[in-house]
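For reference, the structure is listed below as structure tokens.
By convention here, the first residue in the shown sequence is residue 1. Every heavy atom of this structure was used, including side-chain atoms; hydrogens, water molecules and symmetry mates were not.
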Amino acid sequence: MSKHLSTEWPILDFATMQETVETMHQWLQIIGKIRLKAMPWLNHSWHCTLYISPAGYTTNAICFEGGTFELELDFIHHQLQIKCANAPTQHIPLATSTVADFYHKLFEKLAKIGVNVKIHGRPNEMDPAIPFTSNTAISPYNPHAANLLWKAMLKSNGVFNKFRSGFIGKSSPVHLFWGAFDLAVTRFSGRTAPLHQGGVPNMPLEVMQEAYSHEVSSAGFWPGSKDSPIPVYYAYAYPGDEAYAKQKVLPEQAFYSPEMGEFFLKYEDVQSASDPDKMLLDFLNTTYEAAANTSNWDREALER
């Protein structure tokens, strides 16, 4: 790879990027809901997710009413690009503003290219779930912080895709869920799972139950929140086995949280490692093995 295409693992300081993360989360909710309404339903809500692009986060191409459009948050040029197969590209600058203002500008631009989509006007997996059009508080945007977070997800995305390639069973794409703002990849055993009990704020129970209709081993990256201000990698099994928590995983910095029922690895431990890719891949592989072994997955049939 040419040197100018290479990107180092950036240092993330949640304290300096918190407000920008919160602003971006609102934007992603709006954009994700547009994709949700415009795309046909896909198992486990995979139709509504976003993806990492060479410039930011994208919906990928959306086929809608005979046409095709795409929404991309560009963190190099700091603009939302609204691309259409048969109309000029529309742009919205990414800057400190209000969620309501972003919402109105986006739907005005969509109307210009003939995309008329109506979405549920409140966030999901957030509490409080303030309606987008009523969210008139100033939402700060720091371009440098947004760029660093995207670069961290870009690097994570590459390792996640490498990890995904070793599995021939059913696996999700590596995708960005706008509900919790996490980049995730999920493997499936092929067996059905007990009905999920829900409990996620502002998330319909039937959506959670369909998402977890089958046994999974899932891992991802989460940038943190006000209540948990540390960017982390996570891994969990559903439904899981009591022995899962007691499994030995790598690297040595990884730990299990009884409260969350998940393994965690701090992003800063990966970023500062001599070989970040290997450390993260070790975490992904060993937490999957912990899930597969304790839940008796048919590993010979599922692994390449």
Please lay out, stage by stage, how Tyr288 and Glu303 fare under the test side chain to side chain donor-acceptor pair (under 3.5 Å). CA-CA 11 Å; Tyr288 157 71; Glu303 297 171 18; 2.7 Å; yes
Is there a donor-acceptor contact under 3.5 Å from the side chain of Ser213 to the main chain of Gln209? no
Would you say the side chain of Asp298 lies within less than 4.5 Å of the side chain of Glu300, judging by non-hydrogen atoms? yes
Short question: side chain of Asn285, backbone of Leu281 - any donor-acceptor pair under 3.5 Å? yes
For Thr58 and Ser53, does a side-chain donor sit closer than 3.5 Å to a side-chain acceptor? no
Please report, to 0.1 Å, the donor-acceptor pairs under 3.5 Å made by any side chain of residues 31-43, with sequence neighbours excluded.
unit_1, atom_1, unit_2, atom_2, d
Lys33, NZ, Arg122, O, 3.0
Lys33, NZ, Asn124, OD1, 2.5
Arg35, NE, Thr59, O, 2.7
Arg35, NH1, His47, O, 2.4
Arg35, NH1, Thr49, O, 3.2
Lys37, NZ, Lys118, O, 2.7

Starting from Leu176, can I reach Leu94 by hopping between I/L/V/M/F/W/Y residues whose side chains sit under 4.5 Å apart? yes
For the residue pair Gln26 / Glu22, report whether a side-chain donor-acceptor contact shorter than 3.5 Å exists. no
Going by atom types only, do Glu262 and Tyr233 share a side-chain donor-acceptor pair under 3.5 Å? no
Could you walk me through whether Glu215 and Ser189 pass the side chain to side chain donor-acceptor pair (under 3.5 Å) check? CA-CA 6 Å; Glu215 290 182 346; Ser189 73; 2.7 Å; yes
Less than 4.5 Å apart, any side-chain heavy atom of Asp277 and any of Trp9? yes
Check the hydrophobic clustering (I, L, V, M, F, W, Y; side-chain heavy atoms under 4.5 Å; chains of links allowed) and say if Leu149 and Val232 are grouped together. no
Asn157/Tyr51 under side chain to side chain donor-acceptor pair (under 3.5 Å): CA gap, chis, key distance, verdict: CA-CA 9 Å; Asn157 184 67; Tyr51 305 90; over 6 Å; no
Side-chain touch Leu110/Asn116, heavy atoms, less than 4.5 angstrom: no
Using side chain to side chain contact (heavy atoms under 4.5 Å, CB included), reason through Met279 and Gln253 one step at a time and then give a plain yes or no. CA-CA 10 Å; Met279 177 180 281; Gln253 294 92 331; 3.7 Å; yes
Are Val159 and Phe263 connected, step by step, through hydrophobic side chains (Ile, Leu, Val, Met, Phe, Trp, Tyr) whose heavy atoms are closer than 4.5 Å? yes
Got Phe160 and Leu183 here, is their nearest side-chain heavy-atom distance under 4.5 Å? yes
So which pairs with a foot in residues 127-144 pass side chain to side chain donor-acceptor pair (under 3.5 Å), sequence neighbours left out? His78-Tyr141
Does Asn293 reach the main-chain N or O of Glu289 with its side chain, forming a donor-acceptor pair under 3.5 Å? yes
Indicate yes or no: at least one non-hydrogen side-chain atom of Pro143 is less than 4.5 angstrom from one of Phe75. no
Decide if atom CD1 of Ile11 counts as having more than 12 heavy atoms of other residues, nucleotides or ligands within a radius under 6.0 Å. no
Using a 6.0 Å cut-off, check whether atom CD of Glu70 has over 12 heavy atoms from anything other than its own residue. yes
Can you list the steps and then say if Thr68 with Lys83 is a side chain to side chain contact (heavy atoms under 4.5 Å, CB included)? CA-CA 8 Å; Thr68 303; Lys83 306 170 188 177; over 6 Å; no
Tyr57 ring center within less than 6.0 Å of Trp150 ring center: no
Does the pair Gln271 and Leu12 meet the rule for a side chain to side chain contact (heavy atoms under 4.5 Å, CB included), with working shown? CA-CA 9 Å; Gln271 186 276 329; Leu12 298 181; over 6 Å; no
Does Glu210 form a side chain to side chain contact (heavy atoms under 4.5 Å, CB included) with His44? I'd like the steps, not just the answer. CA-CA 6 Å; Glu210 195 278 332; His44 316 305; 3.9 Å; yes
Under 4.5 Å between side-chain heavy atoms, hopping through other hydrophobics if needed: is there a path connecting Met24 to Trp222? no
Give the intermediate values and the outcome of side chain to side chain donor-acceptor pair (under 3.5 Å) for residues Ser295 and Tyr244. CA-CA 8 Å; Ser295 295; Tyr244 177 67; over 6 Å; no
Is Phe132 reachable from Met203 through a run of hydrophobic residues whose side-chain heavy atoms are each under 4.5 Å from the next? no
Check whether the ring centres of Phe181 and Phe177 lie less than 6.0 Å apart, and answer yes or no. no
Give a yes or no answer on whether the side chain of Thr23 reaches the backbone of Pro140 with a donor-acceptor pair at less than 3.5 Å. yes
Side chain proximity check, Gln247 to Thr287, heavy atoms < 4.5 angstrom: no
Can a cation-pi geometry be assigned to Arg304 and Phe167, taking NZ or CZ under 6.0 Å from the six-membered ring centre and within 45° of the ring axis? no
Just checking, any donor-acceptor pair under 3.5 angstrom between side chains of His104 and Lys109? no
Is there a side-chain contact between Phe14 and Ser228, using heavy atoms and a 4.5 Å cut-off? no
Less than 4.5 Å apart, any side-chain heavy atom of Ser171 and any of Val185? yes
d(Leu80 CG, Asp74 CG) to nearest 0.5 Å is 9.5 Å
